[in-house]
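In what follows, chains are A, B, ... by sequence order, proteins preceding strands, each numbered from 1.
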2 protein chains.
Amino acid sequence: MIGTPINDRKAKRREATRLEIIDAAWAVARQHGLAALTLREVAARVGMRAPSLYSHFDSKNAIYDAMFGQAWHAFLDLVDATDPDLPGEPRARLKAVARQFFDFAVADVPRYQLMTQQVIAGFTPSAEAYAPAVQVIERLRQTLAQAGARDDQAMDLFTALVSGLVSQQLANEPGGQRWRRLIGRAIDMYADELNLPAPPPRTTAARRTP
Amino acid sequence: MIGTPINDRKAKRREATRLEIIDAAWAVARQHGLAALTLREVAARVGMRAPSLYSHFDSKNAIYDAMFGQAWHAFLDLVDATDPDLPGEPRARLKAVARQFFDFAVADVPRYQLMTQQVIAGFTPSAEAYAPAVQVIERLRQTLAQAGARDDQAMDLFTALVSGLVSQQLANEPGGQRWRRLIGRAIDMYADELNLPAPPPRTTAARRTP
DNA sequence: GTCTATACTGTGATAGAC
DNA sequence: GTCTATCACAGTATAGAC
């Protein structure tokens with residue numbers, strides 16, 4: 001009795017409603033802040049009463065959980081889509097990765113707060129929602145290894161450096177560029193510490209090595 | 001009618017009650033988390049009912065505000081008390097400053113969250129409570145200038161680096177040492193970028209330059 | 001299955017008696 | 001100052017309409 005057209009349509013409708021609710025929740029979070037999200041307001045935006053949300057989510061934290069998974073999945077998709085376009089030169093590659101994370105973080109502050117900080121009191125992401133975050137870390141590990149940073153400490157130092165730039169930007173000058181402009185300098189500093197090769201001098205020819 | 005012994009005693013008693021309330025609030029925050037703090041529980045710990053707290057604080061956020069100011073003031077006092085004992089050699093000095101901030105942050109997570117992140121929904125610190133934080137930044141600016149890092153970018157890079165180490169430690173391994181152990185490496189990396197002099201080779205003599 | 005109405009508990013905050 | 005009583009609003013459990 002599973003997989004019939006009727007059940008497919010029901011499941012699709014159900015999933016569509018879930019997405020509507022999550023979208024509404026993002027809208028409320030962006031407008032009033034992540035912690036100020038209320039079920040009544042989310043419900044009102046999708047034309048329901050608050051208790052009706054419990055037909056689709058077990059609790060308010062389950063909504064946060066779905067949002068958490070969606071956010072990390074969006075970043076994972078971005079990472080995978082961008083990968084072929086990344087520059088081959090190690091330093092430029094690391095800078096591009098750092099700027100990608102930075103820009104994604106700064107573009108939607110409540111999303112970034114949910115992804116990284118423990119802003120919500122009793123919320124801990126489920127293993128399922130956390131999975132894409134693990135995959136992002138794995139992609140980063142590969143990128144760093146490719147650039148010549150193979151030990152775990154180099155990885156930890158990179159994440160600390162980039163997340164530190166983001167957190168300072170958001171805390172002290174949200175919407176600004178003061179710490180974003182430091183990314184190039186910061187990554188060069190990092191690459192020097194790892195003895196990564198300096199970028200080759202610019203030439204017009206030989207854009208690809210055969 | 002101000003400054004009489006009776007008014008002094010009243011003011012002291014009033015200030016003592018305020019401190020009792022703040023201490024109770026810290027205890028609740030450490031036990032249940034900063035955001036899970038409730039006026040009823042704070043009041044119970046000082047033998048009151050919740051509405052009585054409004055005789056001493058205008059709102060719940062006013063309690064957070066007093067906690068915020070107290071926390072930064074405690075760190076400022078620590079910084080000033082430690083200053084004469086800091087090593088003179090620039091790199092060692094920067095490492096000591098970084099470890100001091102790191103250890104203070106990690107020692108009391110709710111305190112650090114209140115000091116740096118926007119964990120509380122509608123809370124913005126007052127100018128008065130923020131003052132000691134500004135002084136801490138000023139001390140840091142002096143320390144960095146003394147070590148040879150005089151531009152604003154160097155300051156921003158330092159704060160990003162250290163706060164990044166803290167945030168990664170707290171997010172991924174609270175109570176551990178994984179990122180703390182990176183402080184030496186991170187600060188050396190930073191000092192190299194600023195072309196600070198390398199530390200002198202260890203000798204038993206000449207511990208001070210005449 | 002999906003939604004509503006209702007109600008329970010707990011929150012920060014206010015009003016007024018003592 | 002501190003109390004009791006009360007309010008508006010939150011999350012959420014339950015029962016029942018369709």
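- Note: CD1 (I63(A)) to P (dT12(D)) measures 9 Å, nearest angstrom.
- With distances taken from any side-chain atom of P51(A) to the nucleotides dT6(C), dT14(C), dG11(D), the minimum falls on dT6(C).
- Regarding L37(A), its CG atom lies at a distance of 12 Å from the C1' atom of dA10(D), rounded to whole Å.
- The side chain of R49(B) places no N or O atom within less than 4.0 Å of a non-bridging phosphate oxygen (OP1 or OP2) of dA5(D).
- Protein atom CG of N61(A) is 14 Å distant from nucleotide atom C1' of dA10(D), rounded to whole Å.
- Within 4.0 Å of S55(B), counting heavy atoms only, lies at least one base atom of the nucleic acid.
- Atom CG in L53(B) sits roughly 9 Å away from atom P in dC3(D) (whole-Å rounding).
- The listed nucleotides are dA13(C), dC3(D), dG11(D); the one nearest the side chain of S59(B) is dA13(C).
- The backbone N or O of R45(B) sits nowhere less than 3.5 Å from a side-chain atom of E41(B) that would complete a donor-acceptor pair.
- Close to dT2(C), at under 4.0 Å from its OP1 or OP2, lies no side-chain N or O of S52(A).
- Among the atoms of the strands shown, only primed sugar atoms or phosphate atoms (P, OP1, OP2) are found under 4.0 Å from some heavy atom of R14(B).
- For L39(B) and dG12(C), the CG to P distance is 4 Å, given to the nearest whole Å.
- No N or O donor and acceptor, one from the side chain of R40(B) and one from the base of dG10(C), sit under 3.5 Å apart.
- Formation of a donor-acceptor pair under 3.5 Å by the Q168(B) side chain with backbone atoms of A160(A) is not found in this model.
- We find that NE2 of H56(A) is positioned 16 Å from C1' of dT12(D), with the value rounded to whole Å.
- F75(A) has its ring centre less than 6.0 Å from the ring centre of F101(A).
- For the pair D58(A) CG and dG11(D) P, the interatomic distance rounds to 16 Å; values are reported in whole Å.
- In plain terms, the two heavy atoms of P125(A) and Y130(A) that are nearest each other are CG-CD1, 4.0 Å.
- Going from atom CZ of F57(A) over to atom P of dC3(C) covers 12 Å, rounded to whole Å.
- With Y190(A) contributing its side chain and L157(A) its backbone, the two residues share no donor-acceptor pair below 3.5 Å.
- Distances from the side chain of M48(A) to the nucleotides dC3(D), dG1(D), dC3(C) place dC3(C) closest.
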